[in-house]
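Note sheet for the following structure.
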Amino acid sequence: MTDAGSKRRPLVSGNWKMNFDHLQAIHAARDLGLRVQPADAGPVDISVHPPFTDLRSVQSVIEGEGLPIALGAQNCAVEDSGAFTGEVSAAMLAKLHVEYVIVGHSERRQLFGESDEVVAAKLKAVLRNGMTPIFCVGETVDEREVGLTRDRLASQVEHGLGAVPQGAVATMVIAYEPVWAIGTGQPATPEDAQEACSWIREVVARSVGADPAGQVRIQYGGSVNADNTEPLLRCADVDGVLVGGASLDAAAFVGIVRAAAIATR
Ligand code: PEP
């Protein structure tokens with residue numbers, strides 16, 4: 001739907017999930033910092049998303065060492081404060097200089113019962129607190145097999161965008177993460193990723209207009225590695241990757257960043 005000449009700046013994000021205690025996280029962030037070269041980070045935005053308990057430590061490494069890496073979180077509460085035992089608010093994340101918050105990851109939807117309504121409320125919380133949501137959408141294998149991929153993506157995107165201020169949509173990141181590709185070693189082909197990301201952009205255009213649709217960044221996520229990143233990022237509507245397993249290994253993650261930088265040339 002867009003031509004490659006007008007592509008947006010790629011965002012490579014590492015979702016550490018529930019891995020690394022704060023000492024391991026410090027080590028991982030330092031390791032990453034030693035490996036990321038200016039030539040890699042120049043044309044690409046990079047974010048890492050540690051567990052909540054690691055955020056303060058990773059913030060200190062990133063800011064203390066001036067690393068070209070943005071701090072991200074994996075989730076947040078709907079409310080900014082109050083009697084919500086065990087929750088961590090977007091307001092608290094913003095105080096730690098978190099820039100990106102993953103919202104609606106399929107593990108949150110499937111394992112913790114997050115509905116489209118809860119996801120929409122979290123998108124609002126992230127934007128209200130001045131951060132960028134990485135809004136995850138994606139179909140299950142069953143939905144794919146019965147031809148429901150487009151319907152599922154449209155419904156998830158419309159629910160989310162319907163809740164946020166229209167003017168904010170261009171600043172958001174949407175991550176297309178087919179559930180069947182996450183952690184399976186079976187990534188979508190570049191053709192499938194492009195088709196889905198182009199469709200998502202079309203749904204955004206239908207919901208809020210062509211201009212924001214041309215500006216919103218759409219990542220692909222699901223079994224991304226250094227070998228499949230460049231072909232994925234050469235697709236006209238794929239503006240980055242959301243990486244799970246491979247982000248736990250600094251060398252592998254930097255290989256992905258490097259491949260993303262090559263794809264911009
Ligand atoms: C993810 O969980 O967002 C993800 C993409 O995981 P993986 O890269 O391991 O498939």
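Residue numbers count from 1 along this sequence. Below, each value reflects all heavy atoms present in this structure, side chains not excepted, and no hydrogens, waters or symmetry copies. Just so you know, ligand 1 is whichever comes first in the structure, and atom 1 is the first atom listed for that ligand.
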Atoms of ligand 1 close to [X] [distance to a heavy atom under 4.0 angstrom, numbered from 1]:
X	answer
G245	7 (P), 8 (O), 9 (O)
I182	1 (C), 2 (O), 4 (C), 6 (O), 10 (O)
S223	7 (P), 8 (O), 10 (O)
G222	5 (C), 10 (O)

If hydrogens are left out, which of [options] has an atom nearest to [atom], that is, the closest non-hydrogen atom?
atom	options	result
atom 1 (C) of ligand 1	Q219, Q186, H105	H105
atom 8 (O) of ligand 1	G244, A175, S13	G244
atom 3 (O) of ligand 1	E177, E107, K17	E177

- Query: SG of C136 to CZ of R109: how many Å apart, nearest 0.5 Å?
  - Reply: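 Between C136 SG and R109 CZ, I get 7.5 Å after rounding to 0.5 Å.
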For residues 80-87, tabulate all N or O donor-acceptor pairs below 3.5 Å that involve a side-chain atom, not counting sequence neighbours.
unit_1: D80; atom_1: OD1; unit_2: R128; atom_2: NH2; d: 3.1
unit_1: D80; atom_1: OD1; unit_2: N129; atom_2: ND2; d: 3.0
unit_1: D80; atom_1: OD2; unit_2: R128; atom_2: NE; d: 3.1

- Message: Taking the basic N atoms (NZ, or NE/NH1/NH2) and the acidic carboxylate oxygens, is any pair closer than 4.0 Å for R144 and D192?
- Response: yes
- Item | Electrostatic pair R234:E230 at N-O distance under 4.0 angstrom | yes
- Note on the structure: Closest heavy-atom pair, D54 versus A25, reported as atoms and distance to 0.1 Å, is OD2-CB, 3.3 Å
- Message: Could you list the cluster mates of V173? Members are the ILVMFWY residues connected by side-chain heavy atoms closer than 4.5 Å, either directly or through other members.
- Response: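 V173 shares its hydrophobic cluster with L11, Y100, I102, I134, L242.
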- Message: If we only consider heavy atoms of G183, is any one of them less than 4.0 Å away from an atom in ligand 1?
- Response: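 Under 4.0 Å: yes for G183.
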- Message: Quick check on A181 - does any of its heavy atoms sit under 4.0 Å from an atom of ligand 1?
- Response: yes
- Item | H49 and K17, any side-chain heavy atoms less than 4.5 Å apart | no
